[in-house]
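Accompanying notes for the structure given below.
Atoms within a ligand are numbered from 1 in the order they appear, just like the ligands themselves. These numbers were taken from a predicted model, which means no experiment stands behind them.
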Amino acid sequence: MKLFEIEINSTKNLLPKDGIVNYYAKLLNKAKADYYFKTLLTQIEWRNDEAIIFGKKIITKRKVAWYGEKPFEYTYSKTTKLALPWTAELLELKAKVEKRTGDTFNSCLLNLYHNGSEGMAWHSDGEKDLKKNGAIASLSFGAERKFSFKHKETKEKVEYILEHGSLLIMKGKTQSHWLHRLPPTTKITEPRVNLTFRTIVNK
Ligand SMILES: O=C(O)CCC(=O)C(=O)O
Ligand SMILES: [Fe+2]
């Protein structure tokens with residue numbers, strides 16, 4: 001009975017319409033999630049992100065990194081990044097995610113939020129470098145944070161807590177119809193690392 005419930009929960013669509021989002025609370029057990037969290041914090045080449053917003057260059061407190069199977073260029077918020085080669089740990093995590101989802105990925109964007117004051121504003125990940133309607137697999141480590149979706153036309157909202165060691169998949173038409181964000185919060189003082197595995201189309 002328990003197994004059956006877990007099965008249903010993990011494959012259920014969290015969105016009511018216009019896209020597909022699945023959540024797996026425990027892709028990794030606590031010990032494995034702790035191990036990857038610690039390793040990623042020290043091993044990844046974290047850099048402050050630059051973005052051009054309303055024509056002004058800003059440097060975010062949040063840190064980012066971009067890895068992939070080739071030195072892909074990835075452009076968003078009018079800035080371009082060149083992917084670093086996979087690390088052993090990122091390849092292990094990619095394999096786990098691919099096994100669970102049945103999708104394949106060739107790159108990963110990583111975000112480090114030092115505490116709840118750092119977040120990410122409403123956006124969708126439909127940049128033209130990304131495969132159209134391709135799955136995006138989001139792995140979370142560290143502090144539990146709220147993650148919100150907002151429908152672009154109806155403004156309908158859906159919110160979930162992303163747990164340590166969890167996997168969230170966004171696929172189908174999700175990016176065309178929904179925005180998502182990581183809201184800032186004064187309640188969280190601990191860091192969080194997020195990995196989004198993506199598919200960049202070859203140019
Ligand atoms: O940190 C998160 O959970 C989301 C990150 C995100 O939306 C992105 O990198 O595009
Ligand atoms: Fe995103």
Among all protein heavy atoms, pick the one closest to atom 10 (O) of ligand 1 and tell me residue, atom and distance. Arg198 NH2, 2.9 Å
Can you find an N/O atom of His123 closer than 3.5 Å to an N/O atom of ligand 1? yes
State plainly whether the residues Lys146 and Glu159 are in salt-bridge range, i.e. N to O under 4.0 Å. yes
Just wondering, do Ile44 and Lys63 contact through their side chains at under 4.5 Å, heavy atoms? no
What is the number of protein N/O/S atoms located under 2.8 Å from the Fe ion (ligand 2)? 3
Of Leu195, Asn194, Leu182, the residue with the heavy atom nearest atom 5 (C) of ligand 1 is Asn194
Run the ring-ring contact (aromatic ring centres under 6.0 Å, His included) test against Phe141 and tell me which residues pass, sequence neighbours left out. none
Taking ring pair (Phe, Tyr, Trp, His ring centres under 6.0 Å) as the cut-off, I'd like each qualifying pair that reaches into residues 98-118, sequence neighbours left out, listed once. none
Could you tell me which atoms of ligand 1, counted from 1 in the order shown, lie closer than 4.0 angstrom to a heavy atom of Phe147? 3 (O), 4 (C)
Counting non-hydrogen protein atoms only, what is the nearest one to atom 9 (O) of ligand 1? Give residue, atom name and distance. Asn111 ND2, 3.1 Å
If you scan protein heavy atoms around atom 1 (O) of ligand 1, the nearest is Tyr113 OH, 2.5 Å
Thr196 and Asp125, any side-chain heavy atoms less than 4.5 Å apart: no
Look at atom 6 (C) of ligand 1 and say which protein heavy atom is nearest, naming residue and atom and giving the distance to 0.1 Å. Met120 SD, 3.5 Å
Is any NZ, NE, NH1 or NH2 atom of the basic residue among Lys38 and Asp34 found under 4.0 Å from an Asp or Glu carboxylate oxygen of the other? no
What I'd like to find out is whether the side chain of Glu156 reaches to under 4.5 Å of the side chain of Lys17, using heavy atoms alone. yes
Side chains of Leu195 and Tyr67: does their closest heavy-atom pair fall under 4.5 Å? no
Please list, in number order, the atoms of ligand 1 under 4.0 Å from a heavy atom of Leu109. 9 (O)
What about His180: any of its N or O atoms under 3.5 Å from an N or O on ligand 1? yes
Residues clustering with Leu179 (ILVMFWY side chains joined when closer than 4.5 Å, directly or via others): Trp122
Distance filter under 4.0 Å to Asp125 heavy atoms, resulting ligand 1 atoms: 10 (O)
Distance-minimising heavy-atom pair for Arg192 and Arg145: CD-CG, 3.3 Å
Among all protein heavy atoms, pick the one closest to atom 3 (O) of ligand 1 and tell me residue, atom and distance. Arg192 NH2, 2.8 Å
We want to know whether Lys152 and Ser124 form a side-chain donor-acceptor pair, criterion being a heavy-atom distance below 3.5 angstrom. yes
